[in-house]
Engineer: 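One structure coming up, written as structure tokens, with questions to follow.
Numbering of residues begins at 1 and proceeds along the displayed sequence. Whatever order the structure lists ligands and atoms in, that order sets their numbers, starting from 1. Values below: all heavy atoms of this structure, side chains included; hydrogens, waters and symmetry mates excluded.
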Amino acid sequence: MPTRQEWEQKIAQSLIAEEKYQQLSEDKKAEGFQGELAFGTAGIRGIIGLGPNRLNRFTVQKVAYGLSRYLNEIKENPTVVIAYDTRHLSPEFCDEIAVVLASNGIKTYRYDRYHTTPELSYAVRHLKTDAGVMITASHNPPEYNGIKIYGPDGGQMALEGSKKVSQYIGQITDELNIEVKDRAALQQKELIVPVPAEVISSYKNEVINLIKEIPQSALTVVFSSLHGTSVPIVPEILEAVGFSNYQLVEAQCKPDADFSSVKSANPEDHEAFDMAVELGKKGQADLLIATDPDADRMGVVALHDGDYHYFNGNQLGSLLLNYRISQTADIADRAAVKSIVTSELGKVIAEKNDVRMFDVLTGFKFIAEKIAAFEADDSYHYIFGYEESYGYMASPFVRDKDAVQIVPLIIKLASELKNEGKTLVDQMNQIYVDYGHYQEKLFAHKFDGQSGKDKIRTIMQNARDNAPAEIAGLKVIATEDYLKQERRDATGTHAIELPQADVIKFFFEDGWIALRPSGTEPKIKLYVSLITEDIEGIAQQINDIFFS
Ligand SMILES: O=P(O)(O)OC[C@H]1O[C@H](O)[C@H](O)[C@@H](O)[C@@H]1O
Ligand SMILES: [Mg+2]
């Protein structure tokens with residue numbers, strides 16, 4: 001493996017600005033050489049910088065070369081489609097990946113401007129390529145970028161495939177000298193070609209076909225792309241389905257790799273809505289909607305009794321699931337899919353409406369796998385999938401979470417409610433009455449660097465070794481350890497039929513908590529899902545037990 005000195009001698013070819021690198025502290029420089037980038041929940045994600053543990057031209061070429069080795073092993077003349085978001089170096093990384101793939105004989109389609117992650121998922125399916133690549137770090141801070149890799153179904157590559165790609169990447173010993181051919185010659189040979197325009201229009205038509213028409217109402221909306229990829233495509237679709245009562249947060253709807261107007265371009269964070277709230281208040285807008293930079297996550301804030309109410313991902317998922325159930329009443333054998341750390345409320349709603357709810361591990365790739373399984377044995381009709389992390393998918397013309405199809409869907413629901421004199425908050429309260437007052441709270445504790453990784457590991461180990469019989473006064477009636485793949489309850493020990501994952505769940509009479517290290521950010525997460533009137537109080541007590 002190249003030494004740090006060899007890396008520093010080639011900084012001019014790394015796409016990393018030398019003066020920026022020289023301004024870093026020695027510790028920060030050294031972190032770039034501690035370890036290597038690896039697959040997480042959603043592809044490979046890392047800080048842009050110099051070294052094998054950073055995103056730069058050489059590590060991006062290495063991932064591309066590993067992918068090309070994998071694809072050439074499994075397929076004659078494989079093809080790939082690549083898209084990129086509005087982050088730093090996304091277009092440049094897209095170029096580098098296209099050249100490496102094409103240099104290894106792989107025909108590569110690439111978009112010529114930024115596009116959303118759901119459009120990439122769709123392009124894989126529409127062009128029938130063998131893989132897809134999306135250059136993005138999704139909701140992560142601006143100093144990150146990343147590579148999401150997709151399989152032929154348009155879902156993020158499943159564990160088995162990503163393991164093989166990782167093995168090929170690991171076999172590359174000299175990432176500073178990966179051979180590539182001349183880009184112009186590759187384009188000449190049509191080994192690098194633009195994504196046909198009809199792929200873009202065909203995706204939009206699929207969304208329009210899902211939504212049909214948004215009923216006229218007095219509903220008004222403020223929308224923000226948080227400097228990401230969802231503008232112009234979301235406004236174009238809203239106009240196409242007859243909705244023009246929206247205003248864009250203009251300053252935020254311009255691509256900006258520094259996400260300058262927000263502390264974090266993540267709709268999970270309430271501050272991401274600050275400018276939307278300011279604009280919304282001027283005209284008493286009913287809904288404030290924001291998507292994350294690659295437009296696979298959506299957050300919503302609703303005006304109710306004169307105040308703006310922030311929904312969490314579980315609540316939005318429950319509202320949308322309930323809506324999809326009402327929209328698909330004529331379909332038999334319906335199924336919905338959620339992650340194991342997503343609220344129980346969705347399961348109660350589904351099963352009380354004769355819809356089967358399936359639980360999968362965190363990661364939309366597992367929802368995509370479930371849809372593929374339903375199609376393979378024609379067992380169920382998928383109507384909705386979601387995760388508490390603000391990711392939803394209604395119609396499976398894509399196989400990843402898709403904020404572009406969900407924004408018009410939530411507007412359509414809100415518009416229908418508006419005509420009944422109701423808000424999304426009224427609808428949420430009705431769901432609580434009908435199915436149970438499930439409340440959720442998420443604590444995400446950030447621990448950076450290697451010491452942070454060690455601390456997270458200790459917390460998880462401690463929770464396993466000292467599995468409590470009671471937590472904050474709640475009796476533990478069952479424990480699920482997804483690393484051991486076993487559930488323990490009063491009836492004994494049972495196997496968990498899901499792949500291994502570093503997650504522990506403690507169950508109570510009225511809900512559960514889960515502990516899980518994040519796979520996209522240096523965080524450990526505590527998820528609380530309980531029927532309670534005081535989620536803040538009980539959740540804080542539980543958090544203090546594990547994190548004080
Ligand atoms: O909790 P994490 O591992 O950070 O993942 C949180 C979310 O990150 C990404 O958005 C993935 O696409 C989601 O599937 C996942 O739920
Ligand atoms: Mg995202």
Engineer: Looking at Asp296, which of its N, O or S atoms is the nearest one to the Mg ion (ligand 2)?
Structural biologist: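 Answer by atom name: OD1.
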
Engineer: Quick check on contacts: which atoms of ligand 1 are under 4.0 angstrom from a heavy atom of Thr362?
Structural biologist: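 Those of ligand 1 that fall under 4.0 Å from Thr362 are 15 (C), 16 (O).
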
Engineer: Would you kindly check if the NZ (Lys) or CZ (Arg) of Arg487 is within the cone defined by 45 degrees around the ring axis of Phe507 and under 6.0 Å from the six-membered ring centre?
Structural biologist: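 Geometry flag: set, cation within 6.0 Å and 45°.
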
Engineer: Regarding Lys28 and Glu143, does a basic nitrogen lie under 4.0 Å from an acidic carboxylate oxygen?
Structural biologist: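 No, this pair does not count.
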
Engineer: Does a salt bridge link Asp502 with Arg516, judged by any charged N lying under 4.0 Å from a carboxylate O?
Structural biologist: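 So Asp502 does not pair with Arg516 through a salt bridge.
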
Engineer: Under 4.0 Å, counting heavy atoms only: does Arg516 come that close to any atom of ligand 1?
Structural biologist: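 Contact check Arg516 vs ligand 1: positive.
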
Engineer: Taking the minimum heavy-atom distance to atom 11 (C) of ligand 1, which of Arg45, Lys401, His139, Glu388 ranks first?
Structural biologist: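 It is Lys401 whose heavy atom sits nearest to atom 11 (C) of ligand 1.
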
Engineer: What atoms of ligand 1 come closer than 4.0 angstrom to any heavy atom of Gly519?
Structural biologist: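 So the atoms of ligand 1 that pass are 2 (P), 3 (O), 4 (O).
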
Engineer: Atom NZ of residue position Lys455 - does it have more than 12 heavy atoms of other residues, nucleotides or ligands inside 6.0 Å?
Structural biologist: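 No - once you tally the heavy atoms of other residues, nucleotides and ligands closer than 6.0 Å, there are 12 at most.
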
Engineer: Numbering the atoms of ligand 1 from 1, which are under 4.0 Å from a heavy atom of Phe364?
Structural biologist: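 Once the distances to Phe364 are compared, the set is 14 (O).
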
Engineer: If the threshold is 4.0 Å, N to carboxylate O, is there a salt bridge linking Arg54 and Glu31?
Structural biologist: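 Looking at Glu31 together with Arg54, the answer is yes, because their closest N to O distance falls below 4.0 Å.
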
Engineer: Taking NZ, NE, NH1 and NH2 as the nitrogens, is one of them in Arg297 or Glu268 under 4.0 Å from a carboxylate oxygen of the other?
Structural biologist: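 Salt bridge: yes.
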
Engineer: Using a 4.0 Å heavy-atom cut-off, which part of Lys523 comes near ligand 1: side chain, backbone, both, or neither?
Structural biologist: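 No part of Lys523 is near ligand 1 at this cut-off.
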
Engineer: Between the side chains of Lys263 and Asp274, is the shortest nitrogen-to-carboxylate-oxygen separation below 4.0 Å, so that they form an ion pair?
Structural biologist: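 No, no charged N to carboxylate O under 4.0 Å.
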
Engineer: Could you check whether Arg87 makes a cation-pi contact with Tyr84, meaning its NZ or CZ is under 6.0 Å from the centre of the six-membered ring and within 45° of the ring axis?
Structural biologist: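 Not flagged: Arg87 not positioned over aromatic ring of Tyr84.
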
Engineer: Report yes if Lys525 has an N/O atom closer than 3.5 Å to an N/O atom of ligand 1; otherwise report no.
Structural biologist: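 Checking ligand 1 against Lys525, an N or O pair does fall under 3.5 Å apart.
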
Engineer: Given atoms OD1 of Asp294 and OD2 of Asp292, what angle do they subtend at the Mg ion (ligand 2), to the nearest 10 degrees?
Structural biologist: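 For OD1 of Asp294 and OD2 of Asp292, the angle centred on the Mg ion (ligand 2) reads 90°.
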
Engineer: For a 4.5 angstrom cut-off between non-hydrogen side-chain atoms, does Glu521 reach Pro141?
Structural biologist: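 Yes, their side chains come closer than 4.5 Å.
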
Engineer: Which part of Ser518 is near ligand 1, with near meaning a heavy atom under 4.0 Å away: side chain, backbone, both or neither?
Structural biologist: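 Looking at Ser518 and ligand 1, atoms from backbone and side chain both fall under 4.0 Å.
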
Engineer: Under 3.5 Å between any N/O of Glu521 and any N/O of ligand 1: does that happen in this structure?
Structural biologist: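 Checking ligand 1 against Glu521, no N or O pair falls under 3.5 Å apart.
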
Engineer: Under 4.0 Å from a heavy atom of Gly363: which atoms of ligand 1 are those, numbered in the order shown and with their elements?
Structural biologist: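 By the 4.0 Å cutoff, the relevant atoms are 14 (O).
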
Engineer: Heavy atom under 4.0 Å from ligand 1: found in Arg297's side chain, backbone, both, or neither?
Structural biologist: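 The answer is the side chain.
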
Engineer: Hey, does Lys148 come in under 3.5 Å of ligand 1, counting only N/O atoms on both sides?
Structural biologist: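 Such a contact does not occur with ligand 1.
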
Engineer: If the threshold is 4.0 Å, N to carboxylate O, is there a salt bridge linking Glu369 and Lys365?
Structural biologist: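 A salt bridge is absent here (no side-chain N lies under 4.0 Å from a carboxylate O).
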
Engineer: Taking 2.8 Å as the cut-off, does an N/O/S atom of Ser138 lie below it from the Mg ion (ligand 2)?
Structural biologist: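 True for Ser138.
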
